[in-house]
Amino acid sequence: MTDATVTPPMRAKGKSLMADDARTQKRNAAERRFKAYGIIAILVGLSFLVFLATSILRNGIPAFTQTVVQVEFTLTQEEFDAAEGTLLKTSAYTDVFVSKLTEQVSAQGLDVEVDGKAVERLLGKVGGDLREFYKENPDQIGQPAQFQLAAASRVERYLQGKLTRDMVVDGRFLEKTDLDIVDALVDAGIITSAFDWNFITGTDTGVDNPGGAGIGASVIGSFFMMLVVLFLSLPIGVAASIYLEEFAPKNRFTDLIEVNISNLAAVPSIVFGILGLAVFIQFAHLPQSAPLVGGLVLTLMTLPTIVISTRASLKAVPPSIRDAALGVGASKMQSVFHHVLPLAMPGILTGTIIGLAQALGETAPLLLIGMVGFVAREYPDGLASGLLDPNSAMPAQIYTWAARSDEAFFEKAWGGIIVLLLFLMTMNIIAIILRRRFERRW
Amino acid sequence: MDDYYTTDRKMSTMQDTKIAASGVQVYYADNHAIKDVNVDIGDKTVTAFIGPSGCGKSTFLRCLNRMNDTIDICRVEGDIKIDGEDIYDKKVDPVQLRAKVGMVFQKPNPFPKSIYDNVAYGPKIHGLASSKADLDNIVEKALRRGAIWDEVKDRLHAPGTGLSGGQQQRLCIARAVATEPEVLLMDEPCSALDPIATAQVEELIDELRQNYAVVIVTHSMQQAARVSQKTAFFHLGNLVEYDDTDTIFTNPKDPRTESYISGRIG
Amino acid sequence: MSNLLIIGIVLILGAVGFLLGRQRALAAAGGDARNLHSLPKYYGANVGLNAIVPAFGVLIVWLLAQPLLVNANVSGMLDEGASAGARNLLMADVRRVADGLDTAVSQGALTAEGAANLGTDTDNVREILADVGVALGSEVTAQTLSAAQRYRAMSATGNIWKTIIVIAASLAGLALAFMVTKPSFRARNIVETGVLAVLIFAASIAIMTTVGIVLSLVFNTIEFFRLYAASEFFFGLRWNPSFSGRGGGSELGIIPLLWGTLYISLVALIVAVPLGLFAAIYLSEYASKGVRAFAKPLLEVLAGIPTIVYGLFALLTVGPLLVEVFGEGGFLGVSWMAGGTAVMTAGLVMGIMLIPFVSSLSDDIINAVPQSLRDGSYGLGATKSETVKQVVLPAALPGIVGAILLAASRAIGETMIVVLGAGAAARLSLNPFDAMTTVTAKIVSQLTGDSDFASPEALVAFALGITLFVITLALNVFALYIVRKYREQYD
């Protein structure tokens, strides 16, 4: 008894309802407090969501843009011949580039000292890129050409304010004077930012080149895995559900399956990774890091989800439909495949898409079967290569970037999350539309 | 006939009006469930509401302690006064009102707690007991009034859900009277019980009349005849006829009442 | 002949069988399908299935049995005295050499005959194989080479017989089914039985998965306990694997990992349970329809976000934020926190992830409490909060406990958040701002490193996995049992 200390008067008969007594006021205050706790809990939950979303967007959007140095110049035939004639060809091209850049900067009335070394620190191997361009397009010699060269990731972080002047230790990657050059180039409008297509279409790079890393190859890896998951888990899941819902007698075997399905739904994903490693790679000698193996593991993980939602959809089809089919002489099998299954299809598809979305975001099991980010170095060429050649998947790629020590990769990881979440959102929206459109109330 | 009605009423109850309802309208969203009901319910009387299912008798009953507040789409208009106070006034706290107007439901609904805690729940939340002994007293008194004390006094700490249906319903009645209400509303309290349990509960209702104004909704005309002094007949949301029970059953004035009594509608 | 080709041939035979069967049935019925017991397509399907199913059965059995037989035979040639572990290593070498020889033959570096007649005294096998891109760790011994040659020879013979027998089985099935195709033959019933068998097979994949999990964990764990004492694993207070990857000097006690796991899960539950429970209570008892329709799906978005996102959030946002508050020179002026990765970081973020998990399960359970109990309480003049606290929650308690246990099992098995947010150092400490590590995080790090698969440093992951599996399974079974009992109470 919580209120034993308060001596309450026995409520007098016929007391007016109009006035709240002290006790009622106290109880109502407790009521308001309790309600407030609920509101606070929901607001806290929602604010976490907002916090998460803003931190993803704030950190991830820069990954889609790239700081570029835009230089327009004409390489004359003489300059080309002269550069090709020297011993250090690429450095000759760099020198040409430096002189053109200096021209442009001083044309703007700005005064900075630019040399080849600084340009290489800021832009990487410019000379090589230029030489390659003119070797491949000799007809461009003598024509004005527009060059967009990606700036080093440190330049980008300096411009974002994440790298301050004090943090630059001379001699390592950047020098303090380089930052003066950057400032001048920004003032001259030569450094601008552009949409980074390479991030969408590119592959992973080594640890020393965060700027060039892209998520494209692992998107393809995820795609092939989802292909495997879809083509295995949908038929298997639907077949298993049909058996359990429509044919299974009530016996030990059926119980065993049911218990297994409900438990598998709650087994930690990492355990499925161990299963994949031991059974598919160790025992069956399937190739490591292959999207096929990833797809198999994710299929086993997704099956319980699909079975549970499929059974719910089958259950929702009223028995009268089955009776009607049986009544015109259809076999049990025909009644299921001709009538029940088509009616349950929208629900099944919705459940499958949600299961696929879950599988798409799964990371841990993929790490164990070797689908880590750094194997996503090239695009597969065709179906077999897509399934069997080493590749990564979006979440595993994000993990690899997040685990690298160079902070420049973190931005890529956040950007990768935006890409991943866009895919997930699309899938969920499709599922919602499917449900809205085809949901049938019996 | 009006004269007869008034005299008879005075003779049979000799009591003041406890609840006065006038012009009550109830809407469930667009559905007009109760249409302009006027009724005066006397103190220390058993009043029965009868009528075919869906006629609004339960809905009206639930207006009397504002249980309809818990249903979002329900809207109540008109005037319901208890002891002259409008219970739908803004100043009235439904919580206090319900302490004064207790309710027993169709299906016995003991809480999944011990018998003792079931009965002690109301007194605890309303702070009616000042000590443990006091509370013990209240519980015993309520269980005695619920005519179930002898059956459960040895197992007060056994779960209330373990009792039989009839015992559960009497426990719920005991739970309702433990908060010292002045009015007791009963929504078909015997519909889930067997005949013997029904007889026990009916006997109890008759005893409760000594202390409370009892309003009972029932499907069974026989039950209304057995336990009530006044009967109101509801049909399609209208209060068709309200009179002494004897009059309703022997000499109904409205043809619809007669049809219902004789089993032609229902 | 490659397996794919065999499968292709069998499938073609199946298609041919379908057409033949259908045609024969129609012909036998005089071209009028009404004279048949079943529709013509069922006769076709019967023949087709008979051509495919037994053949595939034979193929699968063969694929499983052949390596076992060959292995058993070849490992008999190896050193009798070697221990099981050493023999496994030898067999791995044999297989690698055999595969290398295959590659060499297919690239034309060796003739098939040349590969069979190589000898350690005349040829440098390691060099030949290195030329075709197969790197070997050591020189090939005579014993290994001859075993590898034997291995290749047996596999080759096996493959030939496999092709012959599988295709024969397919043809036999086709012929048999074709023979019995008569108008009175109940083709539909047979085909439907076949389909039912497929359905049963699909349903039993769940069982096979569980068996697969258990077997892969158990065998490797046994292997681990051969190399490392079980008692030291279960009761060891230090986790300190050596990085050489070849065993020796590693301390692999699970206690610090379990402690980290439980500590982080506890923090997560302390965050998630009150928030989730109050949110569920508000949504199911107080919220208007509009608020519910808005807040519930939004909260559930938190459950749909992949864990890698939470992991990154922990590592890069929450961790640094916590350091700013609790770290040295931080907002509070205390220096409890040395780095961003800590029990608190991982626990907090995991708690956020679990809020919708707790709230939607509790919501279901609270909604299952019958309205009549609430009415009973309101009828006595109880306020909503009194009704919730004293009637609804006690009635829903078993279900809510079940939900919390499920959430706990989720927390214990969660990997990505702890891999990124909790730190890498195993530590037995009470400070929630210390970095600790968990069972799942160590499974990842032990199996993704470069250590040899047969070393205790790698195999320990399986022992960790089985511990994790048993704990979560027990929690799940118990929780599901409670929830089911609870549901029955109100059904």
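Throughout, a chain's letter reflects where its sequence line sits, starting with A, and its residues are numbered from 1.
In terms of heavy-atom pairs under 4.5 Å with chain C, the best-connected choice from A:Ile39, A:Asn59, A:Ile274, A:Asn260 is A:Asn260. Of the listed residues A:Val279, A:Thr254, A:Leu367, the one with more heavy-atom pairs under 4.5 angstrom with chain C than any other is A:Leu367. Interface summary for chain A: among C:Gly465, C:Gly413, C:Ser385, the most heavy-atom pairs under 4.5 angstrom belong to C:Ser385. When each of A:Ile354, A:Val271, A:Leu264, A:Ile261 is scored by its heavy-atom pairs under 4.5 Å with chain C, the top score falls to A:Leu264. Interface remark: of the candidates A:Ala266, A:Ala30, A:Ala403, A:Ala266 forms the most heavy-atom pairs closer than 4.5 Å to chain C.
At a 4.5 Å heavy-atom cutoff, the contact between C:Ala461 and chain A is made by backbone atoms alone. Of the two parts of A:Trp414, the backbone and the side chain both hold a non-hydrogen atom closer than 4.5 Å to a non-hydrogen atom of chain C. Both the backbone and the side chain of A:Tyr399 come within contact range of chain C, each with at least one heavy atom under 4.5 Å from a heavy atom of that chain. Only the side chain of C:Val419 comes within less than 4.5 Å of a heavy atom in chain A; its backbone stays farther off. Neither the backbone nor the side chain of C:Val214 has a heavy atom closer than 4.5 Å to any heavy atom of chain A. Proximity to chain A (any heavy atom under 4.5 Å) is shown, for C:Leu299, by both the backbone and the side chain. For a residue to count as touching a neighbouring chain, one of its non-hydrogen atoms must lie under 4.5 Å from one of that chain's; by this rule C:Arg410 does not touch chain A. For a residue to count as touching a neighbouring chain, one of its non-hydrogen atoms must lie under 4.5 Å from one of that chain's; by this rule A:Gln334 touches chain C with backbone and side chain alike. Residue C:Leu468 touches chain A through its side chain alone, counting heavy-atom pairs closer than 4.5 Å. Contacts between C:Leu215 and chain A at a heavy-atom distance below 4.5 Å are absent for every atom of the residue. The part of C:Thr472 that comes within reach of chain A is its side chain, from C-beta onward, which places non-hydrogen atoms under 4.5 angstrom from that chain. Both the backbone and the side chain of C:Thr209 come within less than 4.5 Å of a heavy atom of chain A. The part of C:Tyr310 that comes within reach of chain A is its side chain, from C-beta onward, which places non-hydrogen atoms under 4.5 angstrom from that chain. Only the side chain of A:Ile417 comes within less than 4.5 Å of a heavy atom in chain C; its backbone stays farther off.
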Go through the steps for C:Thr383 and A:Asn28 under the test side chain to side chain contact (heavy atoms under 4.5 Å, CB included), then give the verdict. CA-CA 8 Å; C:Thr383 61; A:Asn28 284 341; 4.2 Å; yes
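A:Leu277 is listed as a side-chain neighbour of C:Phe462, based on a closest heavy-atom distance under 4.5 Å. The shortest side-chain heavy-atom distance between C:Leu312 and A:Phe410 does not fall under the 4.5 Å cut-off. Between A:Leu300 and C:Ile213 the shortest side-chain heavy-atom distance does not fall below 4.5 Å.
Between C:Ala295 and A:Ile42 the shortest heavy-atom distance is CB-CG2, 4.1 Å. Looking at every heavy atom in both residues, A:Ala278 comes nearest to C:Asn220 through CB-ND2, 4.0 Å. Among all heavy-atom pairs drawn from C:Leu196 and A:Met333, the shortest one is N-CE, 3.7 Å. Contact record, C:Pro306 with A:Leu420: CG-CD2, 3.9 Å, taken as the closest heavy-atom pair. Across all non-hydrogen atoms, the minimal contact from C:Leu298 to A:Leu46 is CB-CD2, 3.7 Å. In this structure, A:Leu368 and C:Val444 approach most closely via the heavy-atom pair CD2-CA, 3.9 Å.
Between the CD1 atom of A:Ile236 and the CG atom of C:Leu199 there is a distance of 12.0 Å, given to the nearest 0.5 Å. One distance of note links CZ of A:Phe48 with CG of C:Leu302; it measures 9.0 Å at 0.5 Å rounding. Taken to the nearest 0.5 Å, the CD1 atom of A:Ile270 stands 8.0 Å off from the CG atom of C:Leu447.
Legend: residues meeting side-chain contact (heavy atoms from CB on, under 4.5 Å) with C:Leu480, ordered by chain and number and at least two apart, are A:Ser262, A:Asn263. With sequence neighbours left out, the ring-ring contact (aromatic ring centres under 6.0 Å, His included) criterion links C:Phe313 to A:Phe51.
Ring geometry, C:Phe278 versus A:Tyr37: the interplanar angle exceeds 60°, so the pair is classed perpendicular (tilted spans 30 to 60°).
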